[in-house]
Structures are given as C-alpha cells and as structure tokens.
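One structure is given here, and the rest of the page talks about it.
Side-chain atoms are counted along with the backbone in the values below, which use heavy atoms only and exclude waters and symmetry mates. In this chain, numbering begins with 1 at the start of the sequence shown. None of these values were measured; they are calculated from a predicted model.
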Amino acid sequence: MPEELLKVAEAAVAAAMRRGASAAEAYVSAGRELTVEVRHGQIETLKQAEEKGIGVRVLRGEQVGFAFGTVLSREAVADVVERALTAAVYTGADAHRRLPEPGGPYPEQDLYDAAIDGATLEEKIGLARRMEGAALAFDGRVKVIESSTYQEGGGTVAIVNSRGIAAAYRDAACGLYISLAAEQDGQSETGYALWFGRRYHELDPEGLGREAAARAVRLLGAKAAATCSVPVVFDPYVAADIIGLLGPALTAEAVQRGRSLFAGKVGQQVAATGVSLVDDGTYPGGLQTAPCDGEGVPTRRTVLVQGGVLQGYLYDSYTAAKEGRASTGNAVRGSFRSMPAVGTTNFYLEPGTSSPEELVTGVREGLYVMEVMGMHTANPISGDFSVGAAGMWIKDGAFAYPVRGVVIAGNMLELLRQVDGVGADLRFFGGRGAPTFRVAALRISGK
C-alpha cells in the first residue's frame, strides 16, 4: 500500500510540474476507523468507515494553490492538479511560501501493530463490555454508564514534493473510553477514564472501568470550600488539559501574529525550574508519532522550555521562512483535505521524581483537582483563566472530603512559575501528556 500511494503522489507532482507549477506537493492517504459503543451490554453504536484521498499544493512563483479529491484514478488526480493550479491564480503573492527540501534520514519507528487488525470484531466489542462490567461491579452506587467505547484507526500516508521529498508510512492506534455516573442521596457525580495507544494488548478494560468508577464515587457528597489561596495539586487528566493549552501559544505562528503569551520571551525564565516542556514527534508509542510531518520533514524532539527557561518555538516551513530558520518538523494536517499548518505533535510536561502521594502529603491544606470546566476559555494572549473545579480537599497531607462548586482563577505564566512539585506519573491523552503536578498557591473562590 505505501508504494501504491507513493506512485499516485509522484504522478500528481509530475503532472503539476508539466503544467507550469514552479513547485508541487502531493499528500495521499488511505485510512479506516472503527467505533464500538456499548451500553447495558448491548451495542449502541457500531461504525466502520474507510476513506482515501489526495491533497495537492502547488506554487506558481509566490502564489499558492490547493485542491483535494477522494478518487485516486489518473483522470481524477489530473483534475485535482488542474484545480490547484487554477486556485493559485487567485491567491496573493507571499515570498515565504515554499516547499521543504529533503532533511536527512527519517527516524525508524514501529507504528503498526498487526494485533489490532488481527483481533475479531467480537473481541473488540467484548473489551467495551468488560470495561462497562468492571465499572458496575466496582461499587453499587455506579448507576449509569453513559458510554463504554472501543475505537481504532489507522492507514497509510505518502508525501512527495518536487524538491526531492518522498516519504510514506503505515500506522494504527486503538483505545478505550468510558464515561459514567454514580448516585447517592439524590446527588450524581460523573467519572471517566481513557487510554489510547499503539498496542492492542496494552488495553486494560477492567482497569479503566474501575478507574472511572472510583473517580465518580470519590466525589459523592462533594461540597464547596471556603474562598482562600492554597496549594493546588492537579491530577494527570487535568494537568494534561492545562499543558495542552500551552502548545498553540508555543507555535511560531501564534508568536508572529502577536497572539502568544510567550512572545519575546526566549531565553527568559517563564516557569519554575522544575518545569520542562517538550514536543516530540518521535516519542515511542505516541499517538502523534510519525517519521515525518505533514510536509515530509523528519520529525524530531524539540525542547521548548527547559528548567523553566523558554528555548524557542515550533516551526513549519512557512513560519520558519519568515525568520530565516529551519522547520522543527511541526507541520500538521487534519487530513488530505487541508494544507499543513504549524502545530504540536506529542506535547508534554516532562515528569519529575515525586510520586503523586508525595505531592499530596506535602500539603497542609489545599485542593487536589480532578475536574475542571471551561479551561478552553483561557485567554491565549494574556494567559488569564477562571474555571470551575472539583476534587478532594487536602488536610494535613491526606484527602479530607470531596469538593465541588469552586472556581480557580489565575494566570498561566504565574501558574507555571508557582509549580513546586512534578510527579513521575506521566500519562498521555491523545497528543498531550502530563504527570501530576503541584503549584504553591492559587486563588480558590468558594462559599
């Protein structure tokens, strides 16, 4: 399959160059998806889909054109090429639009697990059922399973351009997700758990079912806390949400547009010394791991913040050209339907050496956050945020009672500077990851 897609891409590039393009690129992909959702042991949703297509980007001098299609016959590809060339006539000239040259060898990566395709549909349905059963068996107060889902996806990608890039790879991934509710004395609390990765046999449906149930049950009886400023510990789910917000602000596009709280701060201390932020397109087992980015540039590990000091930003070919730099291999694509844009791959907070328990026992009085509501509303330029939160109140280094109905407010840069403990329990949720971490003080608004 990779060889077939490479031939299609090569033919498209050759056709574009024959028809007057000064440079051309073809991105071809063929993929499939499976979603199985179970509720009360019965199949609620069973969806299988396959899709293939080609996206062609051409340059006519300093003008760029793009078109895509979902048929890979010679005639259909020729039509896509022609539409891309026509589109270039109507775009404005931009001297920074260019295609990358070959950037050296691609990293060796094991992205395909045959066990994903080898397992039967019945076995995959069984995983969702087992996860649901484990959650219900964990505690009688778990009453509602909102979703118990198995998902998988994979395919082949080929990228060719007229400057010598020719890359192709095959990948696959699978995962489980469960969402549920526990009830007691008229109160209902939700819980969830998920795991997505590259290896089928690493799936743990019973463990995820119990984890989701435990999260919901732990919050039963939650009450508001008094308004105060105290240490706050974020569990990995919430920590990854927070870290995920920082990724877009660390792209060169955000900086160049004046929409980043990190603009103009390279070489400055932007976080506590225990904070290091990394983007790594080569991370073993990462869901965003690939040998090349969406332009065919080899992926790499980029340290963005080290010991609290900002080292730099993420670049694709376009944003790099604006500053006379090289791409960091961070051109990402949603699919063949879109042109590449700069973005993160596997973006994470490097783990520390503390256990989650140690981060809690070191708190005399504070909050352990298990849920946040509205984190996406944080201001990407100023870094200001105000979000609802739920979790466990900490007293004398131990969990005292569940908390809900409080608001945490602050500034992302100030939060980073206040980090005084980072756990060793790094977990990834899609393309972002974080361990448990603690900040010395945050403002909590409660009753």
Side-chain angles (χ1 to χ4, degrees), residues 1-6 9-10 25-31 99-117 153-161 163-175 196-200 202 243 247 250-252 276-306 311-320 325-336 340-351 426-433:
M1 177 68 82
E3 293 75 18
E4 296 175 17
L5 297 191
L6 272 173
E10 288 167 352
E25 167 198 84
Y27 178 98
V28 188
S29 66
L99 300 181
E101 296 179 350
Y106 294 111
E108 291 289 331
Q109 295 162 341
D110 183 10
L111 304 178
Y112 176 74
D113 179 13
I116 297 175
D117 289 335
T156 305
V157 170
I159 306 170
V160 173
N161 77 16
R163 305 193 72 182
I165 281 178
Y169 63 91
R170 183 184 187 188
D171 71 350
C174 60
F196 286 85
R198 297 286 188 183
R199 297 291 174 262
Y200 181 80
E202 291 180 3
I243 296 305
L250 285 164
T251 64
S276 291
L277 298 173
V278 177
D279 183 86
D280 190 354
T282 68
Y283 192 89
L287 285 185
Q288 301 301 320
T289 295
C292 63
D293 71 359
E295 296 181 302
V297 175
T299 52
R300 52 177 271 192
R301 181 178 189 269
T302 303
V303 179
L304 295 160
V305 175
Q306 186 168 39
Q311 305 296 308
Y313 310 113
L314 300 175
Y315 294 87
D316 62 357
S317 294
Y318 178 67
T319 54
R325 295 177 176 270
S327 168
T328 56
N330 283 91
V332 299
R333 292 184 192 247
S335 75
F336 61 84
V342 63
T344 59
T345 59
N346 303 297
F347 178 67
Y348 63 98
L349 170 65
E350 282 203 320
L426 173 63
R427 289 184 66 175
F428 275 89
F429 305 96
R432 62 184 188 273

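Taken from OG1 in Thr302 to CD in Gln311, the straight-line distance is 11.0 Å, to the nearest 0.5 Å. With rounding to the nearest 0.5 Å, the separation of OH in Tyr27 from CD1 in Ile159 is 6.0 Å. Atoms CG and OH, on Leu5 and Tyr169 in that order, are 11.5 Å from each other to the nearest 0.5 Å.
Partners of Asp113 by salt bridge (Lys or Arg N to Asp or Glu O under 4.0 Å), not counting sequence neighbours: none found. Partners of Ile165 under the side-chain contact (heavy atoms from CB on, under 4.5 Å) rule, at least two apart in sequence or in another chain, are Pro100, Pro102, Tyr106, Asn161. Partners of Glu101 according to the salt bridge (Lys or Arg N to Asp or Glu O under 4.0 Å) rule, which considers only residues two or more places apart in sequence or in another chain, are Arg163. Residues passing the side-chain contact (heavy atoms from CB on, under 4.5 Å) test with Leu349 are Ile243, Val275, Leu277, Val422, Ala434, Pro435, Phe437, sequence neighbours excluded. Remark: Arg427 pairs with Glu211 by the salt bridge (Lys or Arg N to Asp or Glu O under 4.0 Å) rule, at least two apart or across chains. The salt bridge (Lys or Arg N to Asp or Glu O under 4.0 Å) check on Asp110 picks up Arg199, with sequence neighbours excluded. Remark: Ser29 engages no residue in a side chain to side chain donor-acceptor pair (under 3.5 Å) (not counting sequence neighbours). Take Gln288 and apply the side chain to side chain donor-acceptor pair (under 3.5 Å) test, not counting sequence neighbours, and it matches no residue. Taking the side chain to side chain donor-acceptor pair (under 3.5 Å) definition, one finds that Tyr348 meets it with nothing, sequence neighbours left out. Every residue meeting the side-chain contact (heavy atoms from CB on, under 4.5 Å) condition with Ala331, not counting sequence neighbours, appears here in chain and number order: Asp293, Glu295, Asp316, Pro340.
The shortest side-chain heavy-atom distance between Asp171 and Arg198 falls under the 4.5 Å cut-off. Two residues are said to be in side-chain contact when any heavy atoms from C-beta on lie closer than 4.5 Å; Arg301 and Val278 meet this criterion. When side chains are defined from C-beta on, Phe347 counts as touching Leu250, because their heavy atoms get closer than 4.5 Å. Using a 4.5 Å cut-off on side-chain heavy atoms (C-beta onward), Leu111 and Pro291 make contact. Thr156 has its side chain out of reach of Glu4: every pair of non-hydrogen atoms, C-beta onward, lies at least 4.5 Å apart.
Between the side chain of Thr251 and the backbone N or O of Leu314, no donor-acceptor pair lies under 3.5 Å. No donor-acceptor pair closer than 3.5 Å links the side chain of Arg300 to the backbone N or O of Gly281.
For the residue pair Leu287 and Ala173, the shortest heavy atom distance occurs at CD2-CB, 3.6 Å. In terms of heavy-atom proximity, Leu6 sits nearest to Ala167 at CD2-O, 3.7 Å. Closest non-hydrogen pair, Tyr315 versus Ala326, comes out as CB-O, 4.0 Å. Taking both residues in full, the closest heavy atoms of Thr344 and Gly247 are given as CG2-CA, 3.7 Å, listed atom of the first, atom of the second, then distance. Nearest heavy-atom pair across Leu304 and Gly312 is CD2-O, 3.4 Å. When all heavy atoms of Thr299 and Pro107 are compared, the pair lying nearest together is OG1-CG, 3.8 Å.
Within the structure, side chain to side chain donor-acceptor pair (under 3.5 Å) pairs that include any residue of residues 278-287 comprise Asp279-Asn330, Asp279-Thr345, Asp280-Thr282 (at least two apart or interchain).
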